[in-house]
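Values below: every heavy atom of this structure, side chains too, minus hydrogens, waters and symmetry copies. Here is the naming used below: chain letters follow the sequence lines, and residue numbers restart at 1 for every chain. Note that the coordinates shown come from a computational prediction; the quantities given were computed from them, not determined experimentally.
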There are 2 protein chains.
Amino acid sequence: MRDTEQSIIDAAILIFNEDLSAPLEKVADQAQVTRRTLHRYFKDRKELMDKCQKEIRRACEIAITNAYYASESPLERLEGMFYAGLDCGSKNTFLHKLHTLHDHKHQAANEQCSEYDHTFELWKGNLQVLLAKGVIHQTMTVDWIHNFFQSVVVVFINSQQKGSIDRPAARQLAWFSFSKGIGI
Amino acid sequence: MRDTEQSIIDAAILIFNEDLSAPLEKVADQAQVTRRTLHRYFKDRKELMDKCQKEIRRACEIAITNAYYASESPLERLEGMFYAGLDCGSKNTFLHKLHTLHDHKHQAANEQCSEYDHTFELWKGNLQVLLAKGVIHQTMTVDWIHNFFQSVVVVFINSQQKGSIDRPAARQLAWFSFSKGIGI
DNA sequence: GTATTGTGTCTCAAATGTGTGACATATTGC
DNA sequence: GCAATATGTCACACATTTGAGACACAATAC
């Protein structure tokens, strides 16, 4: 009986990712609970949002960290972390989206922002290593690559939602597009 | 005095692209206009939305068509049309987003959908030619490439919003990531 | 079984968003 | 300057969303 909270968070991530101001009823529907129940777990919209961000960061950070330590070669690391990011799916892209809104002022002072930065520290660090080594095309910047990565995740998610390509094939395609797209 | 309507549409595209259910007040603010004025030009939210879609399709279709007829070589066409898409910016990605929402059922019967399909007919047709010729990597599908294209546009827009890379450089980067990413 | 806990239903008040009328003010074309 | 037009301000009714209380019912633990 007790993963209601989690299922609401998952639903919220799915819904908010597409429609930031969607009514909470939509989230409740997606989670197959009443709005009343949703409010029992989350005081208000803001609290739900915050819990979503926490959950996202938790999941992404674990996935990325595991992938990082699974290998010592920067290039293998890149691939592993890339797949980890894919597997985080909309969690990944939603977090990124929140921090790229046109009126969002990204600042290290803000706790949410600094935690966001921390989540992708290993990933960006590894990118820098590869850039320095010349493995990645020299015109690339870490920011560009990071945005590009997030975008490829979106493409992957879309392909899975439509169901036109099966998961392993889509993963391969995604890695192809990403790795070639940054000049590897 | 008379591009208020246009500026409201532009603002709406920007805002709705990030937040589909954003209150109209946000749109008005972005357009530097009162909500009252917004309502003088647009009966209600739906009418504004429809006008946005019309404007988007108009702009994208002109850009894509011009680019198509600017060359006879499929590969040159691809590059020209790619840049045209970049220049349409968020117009492009917003339209695409509306037709990839998880609860959106894409159907040719729907007028909006068929107009959407029409907008990218030349673009997708040209992709097919390149696929058939073997210029594009054979594991790619037209759908994947199209989604991938839209994603790269998002990356481009983000880079411009942050202002970290100047426009020509970003265009070049975008083309690099896109063309290599589909195996050219 | 009974007690406990989680959820649904119904209800309601407050807050927020929407659309419009009336009128004042600003801007434009002549 | 004057007339016409566009926009802003204020006020309002109405709709939707939000958050919570009261209580019933179902599931679970013991």
Side-chain angles (χ1 to χ4, degrees), chain A residues 1-56 58-59 90 94-95 97-98 101-105 111-112, chain B residues 1-56 58-59 90-91 94-95 97-98 101-105 112:
Chain A
M1 204 190 241
R2 242 297 177 143
D3 23 39
T4 307
E5 179 166 355
Q6 190 57 45
S7 75
I8 293 174
I9 290 180
D10 290 342
I13 292 172
L14 183 75
I15 297 293
F16 290 155
N17 192 25
E18 288 191 343
D19 184 358
L20 216 49
S21 300
L24 296 178
E25 184 117 39
K26 265 200 188 181
V27 176
D29 286 351
Q30 175 72 31
Q32 293 183 290
V33 291
T34 352
R35 197 165 56 82
R36 188 69 192 81
T37 298
L38 185 152
H39 277 295
R40 283 198 184 97
Y41 285 93
F42 307 95
K43 197 179 124 291
D44 56 21
R45 188 186 200 82
K46 188 181 174 313
E47 186 175 308
L48 175 56
M49 264 298 205
D50 290 349
K51 291 268 179 70
C52 283
Q53 288 215 42
K54 267 220 163 51
E55 157 63 15
I56 288 172
R58 194 194 57 77
S90 59
F94 183 43
L95 183 58
K97 176 183 169 174
L98 289 177
L101 293 177
H102 82 281
D103 56 352
H104 174 80
K105 295 281 164 274
E111 197 198 339
Q112 306 265 25
Chain B
M1 203 189 244
R2 243 297 179 139
D3 26 38
T4 307
E5 179 166 353
Q6 191 56 46
S7 76
I8 293 174
I9 291 182
D10 290 343
I13 292 173
L14 182 76
I15 296 293
F16 289 154
N17 191 27
E18 289 188 345
D19 184 356
L20 216 49
S21 300
L24 295 177
E25 185 120 39
K26 266 200 187 182
V27 176
D29 286 352
Q30 175 72 31
Q32 291 184 289
V33 120
T34 351
R35 195 165 57 82
R36 188 65 190 82
T37 298
L38 186 153
H39 277 296
R40 277 197 260 261
Y41 285 94
F42 307 95
K43 196 179 125 289
D44 56 22
R45 188 185 199 84
K46 188 181 173 313
E47 186 175 309
L48 174 55
M49 264 298 204
D50 290 348
K51 291 268 180 71
C52 283
Q53 289 217 42
K54 266 219 163 53
E55 157 63 15
I56 287 171
R58 193 193 59 77
S90 58
K91 291 185 180 172
F94 182 42
L95 183 58
K97 176 183 170 175
L98 288 178
L101 293 175
H102 83 280
D103 55 353
H104 173 80
K105 295 281 164 274
Q112 307 265 26

Does B/T37 make a side-chain N or O approach to OP1 or OP2 of D/dG8 shorter than 4.0 Å? yes

d([atom1], [X]; [atom2], [N]) in whole Å:
X     : N      : atom1 : atom2 : answer
B/L48 : C/dT18 : CG    : P     : 11 Å
A/F16 : D/dT17 : CZ    : P     : 13 Å
B/Y41 : C/dT20 : OH    : P     : 16 Å
B/D3  : D/dA6  : CG    : C1'   : 12 Å
A/K26 : D/dT16 : NZ    : C1'   : 14 Å

Bend of the helix from C/dG1-D/dC30 to C/dC30-D/dG1 from end-axis comparison, five pairs per end, nearest 10°, comes to 50°

Using 4.0 Å as the upper bound for N to carboxylate O, is an ion pair formed by A/E47 and A/K51? yes

Under 4.0 Å between a Lys/Arg side-chain N and an Asp/Glu carboxylate O for B/K54 and B/D50? no

Tell me the closest heavy-atom pair linking A/Q30 and A/A11, and the distance in Å. CG-CB, 3.5 Å

Please identify each residue that fulfils salt bridge (Lys or Arg N to Asp or Glu O under 4.0 Å) with B/E18, with sequence neighbours left out. none

Please list, chain by chain and in numerical order, all residues satisfying salt bridge (Lys or Arg N to Asp or Glu O under 4.0 Å) with B/K43, sequence neighbours excluded. none

Checking the side chain of B/K97 only, and the main-chain atoms of B/N17 only, is there a donor and an acceptor separated by less than 3.5 Å? yes

Short heteroatom pairs, N/O only, protein and nucleotides 18-21 of chain D, under 3.5 Å:
| from | atom 1 | to | atom 2 | distance (Å) |
| --- | --- | --- | --- | --- |
| D/dT18 | OP1 | A/R45 | NH1 | 2.8 |
| D/dT18 | OP2 | A/L24 | N | 2.8 |
| D/dG19 | N7 | A/R35 | NH1 | 2.9 |
| D/dG19 | O6 | A/R35 | NH2 | 3.4 |
| D/dA20 | OP2 | A/K43 | O | 3.4 |
| D/dG21 | N7 | A/R36 | NE | 3.4 |
| D/dG21 | N7 | A/R36 | NH2 | 3.1 |
| D/dG21 | O6 | A/R36 | NE | 3.0 |

Got a sec, which residues hit side chain to side chain donor-acceptor pair (under 3.5 Å) with A/S7, two or more places apart in sequence or on another chain? none

ring-ring contact (aromatic ring centres under 6.0 Å, His included) with A/H104: which residues, sequence neighbours excluded? A/H99, A/H106

